[in-house]
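The structure presented is a predicted model; accordingly, all values stated were derived computationally and were not measured.
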Amino acid sequence: WVALDIVGVVAQDAAAGEFVVPIHQTRADRTWALGGIADGDRFALPTSEYTGLIVIADGLDAVHRVRAQIDRLGYATSAPEQLIANVRRYLHVVDIVLGGVASIALVIASLGIANALLAAVRERRREIGVLKAIGARDRDVLRWFLIEAGFIGLVGGGLGTLLGVVIAMSVGAVVNGYLTAQGLEGVRVVASMPVVVSGVLGAAALAVVAGVVPARRAAHLPAREAVGSL
């Protein structure tokens with residue numbers, strides 16, 4: 001018999017009869033079990049020095065599939081799937097909230113671009129009239145304003161994406177510092193190039209859509225009225 005002192009309780013689910021003990025005590029216990037005899041029979045324990053393996057899945061969605069593959073190999077598995085399901089529900093709610101905030105920001109940005117182009121049409125009426133007077137067609141003026149809107153969206157999307165990446169990296173560094181201080185594994189924040197490119201091109205496309213109404217108004221502006229306006 002060995003007397004052990006209980007120094008704390010593990011703050012996680014554990015089956016009845018499971019204890020967390022120093023590794024040297026575990027090795028001594030296993031040595032005794034492999035050589036011990038109970039009721040005249042030797043304990044039927046495996047000869048391997050390992051009692052289990054930890055398998056890390058690529059993501060939350062792969063946990064169930066990995067467990068099924070291990071079960072088919074004939075090994076018992078244990079995973080906190082309920083905890084994983086709760087985490088997934090929480091992340092889903094966070095995605096919905098962030099998506100709503102992003103949608104509102106996109107609508108506000110679109111209105112801002114449309115308002116800026118409408119103001120530009122009012123301020124450049126004489127310029128538009130001169131262009132039409134020297135032979136510019138309606139579709140030329142339309143194309144001109146759409147290209148201008150796309151350029152605004154491209155520049156704004158690039159600056160916004162760059163700022164978002166910097167903020168994400170900064171927040172990731174703060175979170176990693178906290179997790180490291182708690183003795184936990186940190187998270188990895190990666191700026192995916194497809195996401196960055198999609199963000200910039202998406203901003204440009206949204207700006208072009210927002211600039212359709214101002215561009216059509218500029219294209220249908222009569223040349224005589226535009227030239228004669230102050």
A.B. asks: Quick check: does any side chain N or O of Arg67 sit under 3.5 Å from a backbone N or O of Thr77, one acting as donor and the other as acceptor?
C.D. replies: yes
A.B. asks: Hey, what do you get for CG (Leu201) to CG (Leu206), rounding to the nearest 0.5 Å?
C.D. replies: 12.5 Å
A.B. asks: Is a side-chain N or O of Asn115 found less than 3.5 angstrom from the main chain of Leu111, in a donor-acceptor match?
C.D. replies: no
A.B. asks: According to a 4.5 Å side-chain heavy-atom criterion applied to Ile, Leu, Val, Met, Phe, Trp and Tyr, with indirect links allowed, do Ile167 and Leu159 form part of one hydrophobic cluster?
C.D. replies: no
A.B. asks: Counting neighbours of CG on Leu73 that are heavy atoms of other residues, nucleotides or ligands and sit closer than 6.0 Å, is the number greater than 12?
C.D. replies: yes
A.B. asks: Going only through I, L, V, M, F, W and Y residues with side-chain contacts under 4.5 Å, is there a path from Leu162 to Met169?
C.D. replies: no
A.B. asks: Does a sphere of radius 6.0 Å around CG in Asp58 hold more than 12 heavy atoms from other residues, nucleotides or ligands, not counting ones at 6.0 Å or beyond?
C.D. replies: no
A.B. asks: Can you sort out the partners of Ser170 under side-chain hydrogen bond (donor to acceptor under 3.5 Å, both in side chains), two or more places apart, ordered by chain and number?
C.D. replies: none
A.B. asks: For Val174, enumerate each residue passing the side chain to side chain contact (heavy atoms under 4.5 Å, CB included) test, keeping only those at least two apart in sequence or located in another chain.
C.D. replies: none
A.B. asks: Applying the 4.5 Å side-chain criterion to the ILVMFWY set and letting contacts propagate, would Tyr178 and Val171 be lumped into a single cluster?
C.D. replies: yes
A.B. asks: How about Ile96: does its CD1 atom have over 12 heavy atoms from other parts shown lying under 6.0 Å from it?
C.D. replies: yes
A.B. asks: Please report the interatomic distance CZ(Arg89) to CG(Leu91), rounded to the nearest 0.5 Å.
C.D. replies: 11.5 Å
A.B. asks: If a pair satisfies salt bridge (charged side-chain N to carboxylate O under 4.0 Å, His left out) and one of its residues is in residues 158-175, list it, with sequence neighbours excluded.
C.D. replies: none
A.B. asks: Give me the atom names and distance for the closest heavy-atom approach of Val66 to Ala57.
C.D. replies: CG2-CB, 4.2 Å
A.B. asks: Name the atoms and distances for all side-chain donor-acceptor pairs under 3.5 Å in residues 140-153, with sequence neighbours left out.
C.D. replies:
| residue | atom | partner | partner atom | Å |
| --- | --- | --- | --- | --- |
| Asp140 | OD1 | Arg143 | NH1 | 3.1 |
| Asp140 | OD2 | Arg137 | N | 3.0 |
| Asp140 | OD2 | Arg137 | NE | 3.4 |
| Glu148 | OE1 | Arg124 | NH1 | 3.3 |
| Glu148 | OE1 | Arg124 | NH2 | 3.3 |
| Glu148 | OE2 | Arg124 | NH1 | 3.1 |

A.B. asks: Can you sort out the partners of Ser198 under side chain to side chain contact (heavy atoms under 4.5 Å, CB included), two or more places apart, ordered by chain and number?
C.D. replies: none
A.B. asks: Indicate if Leu98 and Leu106 have the same hydrophobic cluster label, given that clusters are the connected sets of ILVMFWY residues with side-chain heavy-atom separations under 4.5 angstrom.
C.D. replies: no
A.B. asks: Could you report the tightest heavy-atom contact between Pro214 and Ala114, atom names first, then the distance?
C.D. replies: CG-O, 3.6 Å
A.B. asks: Got a sec, which hydrophobics cluster with Ile6, joining ILVMFWY side chains under 4.5 Å apart, including via others?
C.D. replies: none
